[in-house]
Asker: 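Have a look at this one before I ask anything.
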Amino acid sequence: MGNGDLESWGSTKNRGAPPPAPPPASSTYHTESSDKQWTSWLVPMIVVANVAMFLVVMIVNDCPKNHNSSLEGDCVAKFLGRLSFQPLKENPLFGPSSSTLEKLGALERSKVVNGHEAWRLISCIWLHAGVVHLLANMLSLVFIGIRLEQQFGFVRVGVLYMLAGIGGSTLSALFITSNISVGASGALFGLLGAMLSELLTNWTIYANKAAALFTLVIIILVNLAVGMLPHVDNFAHIGGFLTGFLLGFVLLMRPQFSWQERRRLPADARGKSKYTVYQYVFWIISAILLIVGFTVGLVMLFKGENGNDHCSWCHYLSCVPTSKWR
């Protein structure tokens, strides 16, 4: 199934969400008693904003008024009035039409490149294809995001969420040339990627490191594999994950255990440096890769280049070709 194939219920690429991801197994910090716990308010606000945006989309969609029932059947849950859903044959996720999503900011390559509507790289993160899509993404955000915000604060998690979402949108626009794409799962995969790099860069302060790493890697691999199913924009997942993975090295460094506990340790046991050498190396390499990656990706996109022309096999990352998925 090529990237240009239209979906059976429209031309919308659903950025499928990862299932709720628990914290890595045995992820207890040695310094847990001294870690500052932030109050999580940004993640709940993002959830509220996404739900509110979905209601706005459904009001604008107004299925009873704008849908021709003689062609594709009646609207679903008509008792909801303007909030009723498109026929399931058109949208099986209980949501609006593709044309409504496109009008309100869905990611569409031609409008970004030819229409100079770069804002769609951001607006698409706040749109969802249906109730099922919205619930899956928001549950995942609550499970993943609240933990990160409590540990690292709203500023770093907010920057992570937005930049990962833009990174996912950029890669999606480079490789998906005909379908539109919506959803927050690029940003969610960015949080998963940040969890992995945070584990690696703060390796020395974790207990049971191997178990924590194994659990998180399995969660990530399973979700990336699910992204290869039809109707799912896996390029948004991959772009968001890579962006979040690199940002984790930059934003989520923790001081060494000996530095955090320096007041409780004897003078000869105190660490001389707040961070280790490998943490600084990870930070520098990741910062360079982020700058280069965003610059190259955005330049290629706004020059109108097609990523598939530079990578003949990359389309397999989003959909496995098979005669059963047409």
Side-chain angles (χ1 to χ4, degrees), residues 15-56 122-128 131-169 183-203 205-208 212-213 215-216 219-220 223 236-237 240-241 243-255 257 260 286:
R15 298 182 179 185
S26 304
S27 61
T28 305
Y29 292 103
H30 290 295
T31 58
E32 186 176 4
S33 61
S34 62
D35 282 345
K36 179 180 180 179
Q37 289 291 310
W38 299 75
T39 299
S40 177
W41 63 267
L42 178 64
V43 169
M45 288 297 294
I46 292 175
V47 172
V48 171
N50 275 278
V51 173
M53 189 64 203
F54 183 74
L55 292 175
V56 170
I122 299 175
S123 62
C124 67
I125 303 170
W126 303 92
L127 298 174
H128 288 84
V131 172
V132 176
H133 189 201
L134 177 68
L135 286 177
N137 271 346
M138 294 304 100
L139 286 173
S140 300
L141 176 59
V142 168
F143 275 88
I144 300 170
I146 287 181
R147 170 187 174 269
L148 284 176
E149 187 178 358
Q150 287 175 339
Q151 293 187 357
F152 296 99
F154 70 93
V155 173
R156 284 185 279 185
V157 170
V159 171
L160 244 170
Y161 185 86
M162 288 306 303
L163 288 183
I166 295 171
S169 298
S185 54
L188 294 174
F189 267 83
L191 298 183
L192 278 176
M195 288 174 68
L196 178 59
S197 56
E198 188 268 328
L199 172 60
L200 296 176
T201 194
N202 301 322
W203 186 255
I205 64 173
Y206 269 98
N208 300 321
L213 180 61
T215 302
L216 188 54
I219 291 171
I220 292 168
N223 286 293
H237 296 175
F241 175 80
T243 303
F245 181 70
L246 295 174
L247 279 171
F249 289 118
V250 175
L251 297 177
L252 306 184
M253 281 200 310
R254 288 178 180 270
F257 171 68
Q260 293 187 359
S286 297

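All residue numbers in this chain count up from 1 along the given sequence.
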Asker: Might you point out which heavy atoms bring Ser286 and Val250 nearest each other, and give the distance in Å?
Answerer: CB-CG2, 3.9 Å
Asker: Which heavy atom in Gly244 sits nearest to a heavy atom in Ser197, and how many Å separate them?
Answerer: O-OG, 4.0 Å
Asker: Are any of the side-chain heavy atoms of Ile122 and Met162 separated by less than 4.5 Å?
Answerer: yes
Asker: Which pair of non-hydrogen atoms, one from Leu252 and one from Thr201, has the smallest distance, and what is that distance?
Answerer: O-CG2, 4.2 Å
Asker: CG/Leu42 to CG/Leu148 distance, rounded to the nearest 0.5 angstrom?
Answerer: 11.5 Å
Asker: To the nearest 0.5 Å, what is the distance between CG (Leu200) and CG (Leu216)?
Answerer: 8.5 Å
Asker: Please step through side-chain contact (heavy atoms from CB on, under 4.5 Å) for the pair Phe241 and Leu196, ending with a clear verdict.
Answerer: CA-CA 10 Å; Phe241 175 80; Leu196 178 59; 4.0 Å; yes
Asker: Are any non-hydrogen side-chain atoms of Leu141 and Leu191 less than 4.5 angstrom apart?
Answerer: yes
Asker: Just how far is it from atom NE2 of His128 to atom CE of Met53, taken to the nearest 0.5 Å?
Answerer: 11.0 Å
Asker: Any idea which heavy atoms bring Ser40 and Glu149 closest together, and the distance?
Answerer: OG-OE1, 2.8 Å
Asker: For Phe245, which residues count as a ring pair (Phe, Tyr, Trp, His ring centres under 6.0 Å) partner, sequence neighbours excluded?
Answerer: Phe249
Asker: To the nearest 0.5 Å, what is the distance between CG on Leu188 and CG on Leu139?
Answerer: 10.5 Å
Asker: Phe154: which residues meet the ring pair (Phe, Tyr, Trp, His ring centres under 6.0 Å) condition with it, sequence neighbours left out?
Answerer: Trp41
Asker: How far apart are the closest heavy atoms of Val142 and Val43, and which atoms are they?
Answerer: CA-CG1, 4.4 Å
Asker: For His237 and Ser185, work out which heavy atoms get closest and say how close.
Answerer: NE2-OG, 3.1 Å
Asker: Rounded at 0.5 Å granularity, tell me how far CG in Leu127 sits from CZ in Phe54.
Answerer: 10.5 Å
Asker: Show your reasoning for whether side-chain contact (heavy atoms from CB on, under 4.5 Å) applies to Asn137 and Asn50.
Answerer: CA-CA 10 Å; Asn137 271 346; Asn50 275 278; over 6 Å; no
Asker: Just verifying a value: how many Å separate Arg156 CZ and Glu198 CD, rounded to the nearest 0.5 Å?
Answerer: 9.5 Å
